[in-house]
There are 2 protein chains.
Amino acid sequence: MGQEKEEYKNKANWDKFLPGLAIDCVIVGYHERELKILIMEYENTDLYALPGGFIEKDEDLDKAASKVLKERTGLKDIYLSQFHTFGRHDRSDTDAMKIVMENNDIKYDENHWLLRRFVSVGYVALVDYKAVAPTPGIMSSKCTWFDLDSIPTLIQDHREIIDEALLYLRNHVDNKLLGANLLVDTFTMKDLQKLHETILGEKLHRTGFHRKMMDSGHLKRLGKKKTGKAHRSPYLYRFVTENDMD
Amino acid sequence: MGQEKEEYKNKANWDKFLPGLAIDCVIVGYHERELKILIMEYENTDLYALPGGFIEKDEDLDKAASKVLKERTGLKDIYLSQFHTFGRHDRSDTDAMKIVMENNDIKYDENHWLLRRFVSVGYVALVDYKAVAPTPGIMSSKCTWFDLDSIPTLIQDHREIIDEALLYLRNHVDNKLLGANLLVDTFTMKDLQKLHETILGEKLHRTGFHRKMMDSGHLKRLGKKKTGKAHRSPYLYRFVTENDMD
DNA sequence: ACAAAAGTGTTCCAGGTACACCCATGA
DNA sequence: TCATGGGTGTACCTGGAACACTTTTGT
C-alpha cells in the first residue's frame with residue numbers, strides 16, 4: 001500500500017481516472033439488531049467519509065463500484081446497486097480535501113483536481129456484517145462500522161447520500177428477500193423482523209410477518225435454538241435459493 | 001444560434017463544461033393514444049440521438065437537465081426526474097461524433113473531448129405533447145416526436161436509455177397522477193386508460209380503472225363530449241390539484 | 001329497436017391485519 | 001405452575017377483479 005500511496009502523490013497518476021467524477025458507496029451491515037454503515041476516517045485528520053473511489057478511464061462505472069466494495073470489505077458478488085447521482089454545484093469540500101492532502105504529504109496547488117467540484121455516483125450495498133473485514137484504503141487510517149444513529153459528521157454531502165440510500169432501500173428492496181445478504185447464515189424470525197422494521201422504519205405485526213415470510217418460500221426452518229431464556233426457544237431459519245430445494 | 005455555433009467551434013468554449021459528463025433526456029409525450037419520444041437529428045447526417053447537453057462548471061446537475069428540457073420544448077416546471085447514470089466504458093460512439101463534427105465544420109483532433117468516453121446522467125420528463133414546440137439545438141437540424149414503436153436507430157446506447165426510462169416510469173410514477181402532465185387539459189376516461197396501459201404495458205379492466213381513478217380524488221368530471229359516434233358520448237375529465245377544489 | 005360504448009352496482013376473492021389460543025422452556 | 005415469548009388458527013376488513021346491468025347516442 002505504501003507504493004500505492006506514492007502513486008497518489010505523483011500527479012501523473014491522477015490521469016488514469018475520469019476527472020471530476022467519483023463513486024461513493026453506502027455499505028450497509030446489520031449486527032445486534034442495529035443497522036451499521038461502513039465509514040472511513042482519513043489518516044491523521046478527524047474527517048470522516050463514505051468509502052469511495054474514482055473510475056479508471058477504461059473501466060465500467062459498475063465495475064469501479066464493485067471494486068470499492070471488494071477493497072473495503074473483501075466481498076464480491078454482493079447486492080450492489082446504483083441509486084442516485086449527486087451533482088449539486090457546491091458539493092465540493094475544499095477545506096477538508098486540503099487537510100487530507102496536507103496530512104498525507106501530497107503536494108497540490110489551488111487547481112488540484114481533488115479541490116474542484118465532483119459529481120458522485122452513489123451505490124448501496126447490503127452485506128453480511130460478520131463476513132466483512134473492513135480494510136482502510138489510501139489516505140485513510142480507519143475503516144469501521146458505525147451505528148446508524150451515531151454516525152459522525154461527514155464531509156461534503158455524505159450524510160445526505162446515506163439518507164438517500166436508505167430511502168432507496170425502503171422502496172426498492174424486495175421485501176421477500178430483504179435480509180438474504182444482511183443476515184448471518186442462520187437467524188430467528190425475530191431477528192428478521194427487527195431488520196425489516198429497521199429498514200422500513202415501522203413496526204410490523206408479529207404473526208402477519210411470520211406468515212408472509214414463510215409463504216414467500218425463501219425461508220427454510222432449521223432446528224431450534226437453545227437460548228437459555230425462560231420461554232419457548234425460537235426456531236432458526238435460513239434463506240434458500242431456487243437451486244437449493246431440500 | 002449562429003453565434004452559439006461559432007462558440008462550439010472554438011475549442012476554448014468547451015472548457016466551460018465538466019469534461020466527460022453529459023445529460024440525456026428522455027422526453028415523453030402522448031398523442032392519439034401513442035407514446036412519443038422527442039428525438040434529435042444531427043445536422044447534415046442521418047444520426048439520431050436523445051436531446052442532451054453538458055453541465056457548466058458551476059451548474060447543478062438538475063439545473064442542467066431542466067435547461068435541456070426548457071430549450072428543446074419551451075417547458076419548465078415539469079415532472080423531470082433523474083433515473084440512472086450510464087457509465088459503461090465503451091459507450092462512446094467515436095465514428096458518429098466525427099461525422100457530426102465534420103458536417104458542422106468543427107475542427108477536431110483525435111483527442112477531442114467529444115470523441116472520448118462519456119458518462120451520462122439520464123433524466124425522464126413527462127410533457128404535454130400539444131404544449132411543446134420542439135426546437136432543435138446546436139449541431140442538430142431537427143427535433144421531432146417519434147412513436148415509441150418507430151424510433152430510428154440511435155447513436156451510442158440511447159435506445160437502452162429510453163428503455164430504462166420507460167421501466168423507471170412504470171415503477172415510479174404515481175398511478176394516481178399518471179397523465180397529469182402527459183395529457184391535454186381535458187380527456188376521456190378511455191384516453192386516460194389507454195395511456196396507463198401504454199406506460200404500464202398491460203391491459204387494465206375498464207370498470208375497475210374507472211372507479212380507482214375517480215376514488216383517487218384527482219379527477220373532476222366536466223360536461224359531456226359530443227363524439228358523433230353511434231353510442232353514448234363519454235364525459236370529459238380534468239386533473240385537479242389540492243388548491244383547485246371547485 | 002338495435003348496436004356500441006360509457007357509467008354504476010354487486011359479488012367474489014386474496015392479502016393483510018388483529019386477536020385468540022396453544023406450545024415450549026426455565027425459574 | 002407460572003410468566004414469557006414463539007408458533008398457528010381464525011375472523012374480519014379492504015381493494016381489486018370480474019361481471020351484470022343501466023344509460024346514452026346514432027343508425
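Residue numbers start from 1 in every chain, and the chains themselves are labelled A, B, ... in the order their sequence lines are given, proteins ahead of strands. Quick caveat, the model's predicted, so the values are computed rather than measured.
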_With sequence neighbours excluded, residues passing side-chain hydrogen bond (donor to acceptor under 3.5 Å, both in side chains) with A/Asp185_ = A/Arg238
Taking distance alone, no hydrogens or angles, what donor-acceptor pairs closer than 3.5 Å link side-chain atoms of residues 206-213 of chain A to residues at least two apart or in another chain?
none

*Of the candidate nucleotides D/dT8, D/dG6, C/dA6, which contains the atom at the shortest distance from the side chain of B/Pro234?*
C/dA6
_Counting only side-chain nitrogens and oxygens, does A/His210 get under 4.0 Å of the OP1 or OP2 atom of D/dG6?_
no
*Is any side-chain N or O of A/Tyr237 closer than 4.0 Å to OP1 or OP2 of D/dG7?*
yes
*To the nearest Å, how far apart are B/Leu192 CG and C/dA6 C1'?*
15 Å
Extract all donor-acceptor atom pairs below 3.5 Å that involve side chains of residues 22-33 of chain B and protein atoms in other chains or at least two apart in sequence.
from: B/Asp24; atom 1: OD2; to: B/Ser120; atom 2: OG; distance (Å): 2.6
from: B/Tyr30; atom 1: OH; to: B/Leu195; atom 2: N; distance (Å): 2.9
from: B/Arg33; atom 1: NE; to: B/Asp191; atom 2: OD1; distance (Å): 3.1
from: B/Arg33; atom 1: NH2; to: B/Asp191; atom 2: OD1; distance (Å): 2.9

_Partner set under ring pair (Phe, Tyr, Trp, His ring centres under 6.0 Å) for B/Phe187, not counting sequence neighbours_ = B/Phe239
*Which is it for A/Ser66 and A/Tyr123 under the side chain to side chain donor-acceptor pair (under 3.5 Å) test, yes or no, and what are the steps along the way?*
CA-CA 9 Å; A/Ser66 50; A/Tyr123 281 79; over 6 Å; no
*With sequence neighbours excluded, what pairs up with B/His89 under the ring pair (Phe, Tyr, Trp, His ring centres under 6.0 Å) test?*
none
*asked:* In this structure, how many angstroms lie between the C1' atom of C/dG16 and the CG atom of A/Asp215, rounded?
replied: 11 Å
Every protein N/O within reach of nucleotides 12-16 of chain D N/O, cut-off under 3.5 Å:
none

*Rounded to the Å, how far apart are B/Asp191 CG and C/dA5 P?*
14 Å
*With sequence neighbours left out, what residues match B/Gln156 under side chain to side chain contact (heavy atoms under 4.5 Å, CB included)?*
B/Arg91, B/Asp93, B/His158
*List the protein contact pattern of nucleotides 19-27 of chain C with one symbol per nucleotide (5' to 3'): B for base contact, S for sugar-phosphate-only contact, - for none; contact means a heavy-atom distance under 4.0 Å.*
BB--BBBS-
*Can you tell me how far C1' of D/dG6 sits from CG of A/Leu236, to the nearest Å?*
12 Å
_Which residues pass the salt bridge (Lys or Arg N to Asp or Glu O under 4.0 Å) test with A/Asp90, not counting sequence neighbours?_
A/Arg88
